[in-house]
Amino acid sequence: MFFQPLSLTNHQKTFVNLETLTHELIKGIQTTTWPEFTAVFFGITSVLYSRKENILVYPTGIISTILYTWFCFVWWNLYAEGSLNFYYTIMSIYGWYAWSKHKDGNTLPISYNNKKDWIICTIFFIVSWVVLYFVLKRYTNSTVPFADSFASATAYTGMWQMARKKMENWIWWMLTNTISIPLYFYKGAVFTSLQYVVFLVLSVMGWIEWKKKLEKMDDNPSYLAHNIITRD
């Protein structure tokens, strides 16, 4: 007697996949440690401050990036992401200074990339991606060198652009967040993967909010002067 293999419709397959995904999601959250919860909390808080163009983006972000540097190197073997979070920490110190009021009372205004900026940041991204991929592939036991290096290279570029208050930093963050969602889920860091879903939404909202501020500055030059001199 022969049994026919079970045949599932596309709808049934989708249901099974969603059920499996939900199960893994719940299981992942239940096994999340308090240090990861802490890092996620401060990471989301930092992005919220960034969206509001508030300098507290940096001290809250530093707490998150220090923790993630440890996680990536010690727990998850995401070496490019680990080096990225170390880079975040250094750039956060620089950004904290750049966004602060200086002796003349001025602060750094939001601006778009010019042609030169685009050329520099594109070259920076490509070189970062190639170098990181080569290092991961040749010298580490990373199982996801392509995705890990791509996510890290976009984030390297985004952090640099954010420190200079360039509008396009949000584009780089959108790319980073999009690739990081499946990357961290694959590595079993489910709660962190969810964090990047939130980051993706916030990066879109950040682009919209900064764009509105720029439009207001263009329509009202006096607002630009007031915003630069008196903004907290």
Side-chain angles (χ1 to χ4, degrees), residues 32-72 81-113 121 151-152 154-177 180 184 191-217 223-232:
T32 299
T33 61
W34 70 263
E36 189 179 348
F37 275 117
T38 302
V40 168
F41 171 78
F42 280 103
I44 292 175
T45 301
S46 177
V47 177
L48 287 171
Y49 279 130
S50 176
R51 178 183 153 217
K52 294 293 184 182
E53 199 191 348
N54 189 309
I55 199 168
L56 289 177
V57 56
Y58 291 112
T60 53
I62 286 172
I63 296 172
S64 179
T65 56
I66 288 175
L67 287 171
Y68 271 113
T69 301
W70 172 262
F71 302 158
C72 289
E81 288 288 293
S83 64
L84 169 64
N85 278 279
F86 178 75
Y87 167 80
Y88 279 166
T89 305
I90 301 302
M91 285 300 293
S92 290
I93 296 171
Y94 166 73
W96 198 343
Y97 168 77
W99 283 36
S100 298
K101 288 182 179 179
H102 300 297
K103 291 181 180 179
D104 58 5
N106 291 341
T107 54
L108 188 67
I110 300 171
S111 63
Y112 282 104
N113 280 341
C121 71
S152 298
T154 55
Y156 271 110
T157 312
M159 189 68 186
W160 174 48
Q161 292 260 282
M162 189 181 81
R164 300 175 66 232
K165 277 197 184 175
K166 293 296 183 180
M167 267 291 297
E168 291 79 4
N169 87 88
W170 295 112
I171 296 175
W172 293 103
W173 289 130
M174 290 175 206
L175 289 171
T176 301
N177 298 330
S180 294
Y184 279 93
F191 199 65
T192 294
S193 178
L194 281 177
Q195 173 189 235
Y196 279 98
V197 174
V198 176
F199 281 173
L200 180 58
V201 174
L202 290 177
S203 61
V204 174
M205 294 172 66
W207 169 271
I208 294 171
E209 194 155 338
W210 279 33
K211 193 172 189 303
K212 287 179 180 177
K213 286 188 176 186
L214 272 178
E215 289 172 350
K216 187 178 289 187
M217 291 174 187
Y223 172 83
L224 173 60
H226 175 78
N227 191 57
I228 294 175
I229 295 172
T230 66
R231 174 172 38 78
D232 291 334

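Here the CG-CZ distance, from Leu67 to Phe42, works out to 8.5 Å after rounding to the nearest 0.5 Å. With rounding to the nearest 0.5 Å, the separation of CD1 in Ile110 from CE in Met167 is 7.5 Å. Here the CH2 atom belonging to Trp172 is positioned 14.5 Å from the OH atom belonging to Tyr156, to the nearest 0.5 angstrom. Going from atom CD1 of Ile93 over to atom CD1 of Ile62 covers 5.0 Å, rounded to the nearest 0.5 Å. Taking CG of Leu84 as the reference point, atom OG1 of Thr176 lies at 7.5 Å (rounded to 0.5 Å). The CD1 atom of Ile171 lies 8.0 Å from the CG atom of Asn113; values are rounded to the nearest 0.5 Å.
Side-chain contact check for Glu53 versus Lys165: some heavy-atom pair is nearer than 4.5 Å. Using a 4.5 Å heavy-atom cutoff, the side chains of Trp173 and Met159 are in contact. Between Glu168 and Cys121 the shortest side-chain heavy-atom distance does not fall below 4.5 Å. Counting only heavy atoms from C-beta outward, the side chains of Val57 and Arg51 never approach each other to under 4.5 Å. Side-chain contact check for Ser50 versus Trp170: some heavy-atom pair is nearer than 4.5 Å. Using a 4.5 Å heavy-atom threshold, the side chains of Ser111 and Lys166 count as touching.
Ion pairing between Glu215 and Lys211 holds under the 4.0 Å rule for side-chain N and carboxylate O.
Applying the side-chain hydrogen bond (donor to acceptor under 3.5 Å, both in side chains) test to every pair with at least one member in residues 85-94, sequence neighbours left out, gives these pairs: Thr65-Thr89.
Between the side chains of Gln195 and Tyr68, at least one donor-acceptor pair of N or O atoms lies under 3.5 Å.
When every heavy atom of Trp207 is checked against every heavy atom of Met174, the shortest pair comes out as CB-CE, 3.8 Å. Of all the heavy atoms in Lys52 and Lys213, the pair that sits closest is O-NZ, 3.3 Å. Here the closest heavy-atom approach between residue Thr60 and residue Thr45 is recorded as CG2-CG2, 4.1 Å. The two atoms that bring Pro59 and Trp96 nearest to each other are CB-CH2, 3.6 Å, heavy atoms only.
With ring centers used as reference points, Tyr58 lies under 6.0 Å from Trp99.
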(request) Kindly indicate, with the supporting measurements, whether the criterion side-chain contact (heavy atoms from CB on, under 4.5 Å) is fulfilled by Trp210 and Asn169. (result) CA-CA 11 Å; Trp210 279 33; Asn169 87 88; 3.5 Å; yes

(message) Run the side-chain contact (heavy atoms from CB on, under 4.5 Å) test on Tyr184 and Cys72 for me, step by step, so that the C-alpha distance in whole Å, both residues' side-chain angles and the decisive distance to 0.1 Å come before the verdict.
(response) CA-CA 10 Å; Tyr184 279 93; Cys72 289; 3.8 Å; yes

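Of the possible donor and acceptor atoms, one in the side chain of Ser203 sits under 3.5 Å from a partner among the backbone N and O of Phe199. No donor-acceptor distance shorter than 3.5 angstrom exists from the side chain of Ser64 to the backbone of Gly61, with no hydrogens or angles considered.
Counting heavy atoms of neighbouring residues, nucleotides and ligands inside a 6.0 Å radius, atom CH2 of Trp70 does not exceed 12 of them.
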